[in-house]
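What follows is a single structure, written as structure tokens, with notes after it.
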Amino acid sequence: MLVAAQQPMTAACARRPASQSAPGRRAGAPAQVGRVAAAAAPARSRAAVRAQAEATKTSKAADLAAEVERLKAENDALRAALAGYQHCGPAEVTLAAPAAAGEEGAAAAAAAAPAKPAVSLAQQIEEGIQWPSPEEGSFWERPPRAAPLPLAPPPGAAGAAQRDPRSVQVVHITAEMAPHAKVGGLGDVVTGLAKACLARGHNVEIMLPYYECLPNDAIEDLRHERDFDCPKGKTWDGVFQAGNLRTQVYTGKIEGCPVILIRPDWNESNLFRGGRIYGGSYNEAEAYLYFSRACLEYLRQSGRQPDVVHVHEWQASAVPMLFWDAPARFSQDFWDAPARFSQDMPRTRVVMTIHNFDSSGECRQDEFSATGVSGELYSTIDKALDERTIGHNPERLCLLKGGIVYSNAVTTVSPNYANETLNGGAAGWLKSTLATPGVAVKYSGVLNGIDTDFWDPTHDPFLPACYSPQQQEGKALCKRFLQMGLGMTVDPDKPLVAVISRLVPQKGIHLIEHAVHRTIELGGQFVVLGTGHADSGLRNLAGGQYRDNPDVQMRFMYSEALAHQIYAAADMLLVPSMFEPCGLTQMIALRYGTVPVVRSTGGLADTVKDVDNYQGNDMQPNGYVFDGIDAGSLNSALDRAIAAYKGHPKEWAALRGRIMADAARWSWDVAAGSYVDLYNKVLSI
Ligand code: ADP
């Protein structure tokens, strides 16, 4: 901590431009020497005075000559330091300031002392870094320094939110929440939106399964709130049987957001047990159907009357179905509770966000019994029947369809993806559901934001060095840190291309594989961080052709810390998705001054505009874009990006500064404003 406390001061002093400080002190020094000499002289003869004047003149000339030499040396050192950081944009290279003293004293010291070597800000930051080596293994798991330098936050930092005139009570129901229950963008969105709404003065709670893998010590104020019996049925031989599952509720805070954690008594059930968020040894449809019911039961039993229940993805799609339509006949038979949740929460409206139409939550009618309600009720075309299964035995339900039909408003995560689902093939067969008149009017695309507090290169505790649009020196240090840690060639001039992604077909795996070859051909470096079932081709490259290549590194794992370090270190982030509802990685990359190279689809097309080809004037071009799904199309963007990096470092540095400075555009505060408008709209229904 000592290091951390001292370094900011050093850096702040050192950042004073040389032209404003050192020359001022130097100009004062000779005058003072002259004044002191005159005051000390006793009465003397004219000749003695003339001789003294001559001597003073000669000494002044010598002083001036020495001063000129010193300035020349200083100038050379400054030029050398600037050249060393030409890839870092407007480098601020300054002299180390003398210890605090009055101008006069400092001037005298400057005149007397030998010329100090120029010290760049980067060199000063560098002193605090514990450099990694490949032998260290998971170098990203240790904090690279005690604390980042507190640089001035870029636009879009937290704290700028305006408060809305009317506070809305929102309960999110979700399978993921960043950072501790995050698998992909869903987790980021829930936490980012919740934090932004809290900052705007709204009352927000997040209901989440209490997964066994959630780290208890990361949940503030964790406490057990209550147990209750949650209705949970099963269908056996076509006969619905009701039952209960003892359910535990815990409350606490994650990232400052109030959370309500739900889990079954693990003596009775193994739902949500295991070391991962998804893929435990239980039936996921059953788990999330039970969770949906348990959330509603909790809201009812705790007497809550939220204005809005905001559900996410197929996992929470049964919530609107049950909220509006849990039928009286089952409650009469088995429970005392009133039939419909909507009668208990008459003011409440349900908003649903679909983050990806790729997973639509198919389930058999008998599986739906896990909600305590027979799936038969929803098995009609106008409700949740999966139309593709009509005539099959058994016919199936589609939870996403049920959620769309029963919610008061439905959003997806970017305007362009909304358009692709309505007019293209992005929603698959659900396109016809979206087109029904009742749905079309309540469906829209709201562009996701990013949590500009969590993703902040000026304060990111995962980084070896922080940086900002105005002080970019730290980015080059982050690059060197990653190159050293991963055992790559340490070279500031090689363009470093990164992929941080789930490795599933949606993400354009064949193009990622091609990009590895192409980048190496063009003299660059390639880093992959990812997990997913479609990773075999990349694993083959990593273990075969590129095994000993010092310019290629792949890590098939999930690591928040390493992701932050890669975003900061890379020069370009590649996102060649086949489809991308919104995509967060390109926005995070922009925030870190890492230029995105993306395929023009879904939210990628909304957020990245090609620096060479964009004609519009709604935003500044900020990356490289291609259209097709073949290698040649990818080359058309990647080649241009690499050529620009190598051939035009000044322009590249300017682009990097611009995209970072423009980062406020991606803040959740902007997106939260759209959601608050939507909440108010559904509340007026
Ligand atoms: P998706 O939701 O389809 O996975 P997004 O781009 O919307 O894609 O969000 C991906 C999020 O997951 C980003 O925050 C990204 O940094 C993170 N992420 C993806 N893969 C990894 C990984 N292997 N390790 C750490 N973070 C990852």
Side-chain angles (χ1 to χ4, degrees), residues 138 140-141 174-193 255 276-278 312-315 353-359 412-414 416-417 426 445-457 460 462-463 482 498-509 512 527-535 538-539 542 553-570 573-592 594 596-599 601-608 666 668 671:
S138 310
W140 51 87
E141 278 171 9
T174 172
E176 288 186 41
M177 178 187 181
H180 306 300
K182 167 181 159 181
V183 175
L186 168 62
D188 284 323
V189 170
V190 169
T191 306
L193 175 57
E255 289 283 302
R276 290 182 292 169
I277 300 295
Y278 301 128
H312 300 266
E313 299 289 64
W314 71 265
Q315 289 96 338
T353 295
I354 301 170
H355 300 252
N356 195 332
F357 276 81
D358 207 26
S359 302
T412 191
V413 290
S414 70
N416 192 42
Y417 186 62
V446 178
L447 187 70
N448 279 338
I450 56 169
D451 183 343
T452 46
D453 197 14
F454 186 64
W455 299 107
D456 179 359
D460 190 331
F462 291 115
L463 301 190
L482 188 80
V499 166
I500 300 171
S501 180
R502 290 185 297 121
L503 298 177
V504 295
Q506 170 198 336
K507 300 294 180 179
I509 304 291
I512 298 175
V527 170
V528 175
L529 173 65
T531 53
H533 65 269
D535 64 356
L538 286 165
R539 278 184 188 274
Q553 279 295 324
M554 302 192 202
R555 291 289 183 276
F556 300 100
M557 54 181 277
Y558 185 93
S559 166
E560 195 70 61
L562 186 54
H564 282 244
Q565 292 182 10
I566 295 175
Y567 282 119
L573 186 93
L574 177 67
V575 196
S577 304
M578 296 298 96
F579 67 95
E580 193 59 76
C582 178
L584 299 177
T585 59
Q586 79 283 6
M587 290 194 257
I588 300 169
L590 287 162
R591 176 97 170 137
Y592 281 70
T594 300
V597 179
V598 308
R599 186 164 169 269
T601 179
L604 296 172
D606 281 327
T607 52
V608 184
W666 316 115
W668 256 114

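Heavy-atom basis, side chains included; hydrogens, waters and symmetry copies ignored. The first residue in the sequence is number 1, and the count goes up from there. Every number for a ligand or one of its atoms is a count from 1 in the order of the listing.
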Considering only non-hydrogen protein atoms, determine which one is nearest to [atom] and report residue, atom name and distance to 0.1 Å.
atom                    : answer
atom 8 (O) of ligand 1  : Lys507 NZ, 3.1 Å
atom 12 (O) of ligand 1 : Lys182 CE, 3.6 Å
atom 26 (N) of ligand 1 : Tyr558 CE1, 3.4 Å
atom 14 (O) of ligand 1 : Asp188 OD2, 2.6 Å
atom 4 (O) of ligand 1  : Arg502 NE, 2.7 Å
atom 16 (O) of ligand 1 : Tyr567 OH, 2.7 Å
atom 20 (N) of ligand 1 : Ser501 C, 3.5 Å
atom 6 (O) of ligand 1  : Leu584 N, 2.9 Å

Quick one: OG1 on Thr585 to CG on Asp188, what's the gap to the nearest 0.5 Å? 10.0 Å
Once you round to the nearest 0.5 Å, how far does CD1 of Ile500 lie from CD1 of Ile566? 5.0 Å
Any side-chain to backbone donor/acceptor pair from [X] onto [Y]? Under 3.5 Å, distance only.
X      : Y      : value
Thr412 : Ile354 : yes
Gln553 : Val527 : no
Ser577 : Glu580 : no
Gln586 : Leu573 : no
Gln565 : Leu482 : no

Indicate the ring-plane relationship of Trp455 and Tyr592, choosing parallel, tilted or perpendicular according to the 30° and 60° boundaries. perpendicular
Just let me know how [X] lines up against ligand 1, side chain, backbone, both or neither, with a heavy-atom cut-off below 4.0 Å.
X      : answer
Val575 : neither
Cys582 : neither
Ser559 : backbone

[X] neighbourhood, listing ligand 1 atoms whose heavy-atom distance to it stays under 4.0 Å:
X      : result
Ala563 : 25 (C), 26 (N)
Thr585 : 6 (O), 13 (C), 15 (C)
Gly583 : 6 (O), 7 (O)

Would you check whether Met557 reaches within less than 4.0 Å of ligand 1, judged by its heavy atoms? yes
Would you say Arg539 has more than 12 foreign heavy atoms packed within less than 6.0 Å of its CZ? yes
Output yes when the distance from some N or O of ligand 1 to some N or O of Gly185 is under 3.5 Å, and no in every other case. yes
Of the listed options Ile588, Asn356, Val189, Ile500, closest to atom 18 (N) of ligand 1 (non-hydrogen atoms): Ile500
Quick check on the 6.0 Å ring-centre criterion: do Tyr417 and His355 meet it? no
Is the shortest heavy-atom distance from the side chain of Ser138 to the side chain of Arg555 under 4.5 Å? no
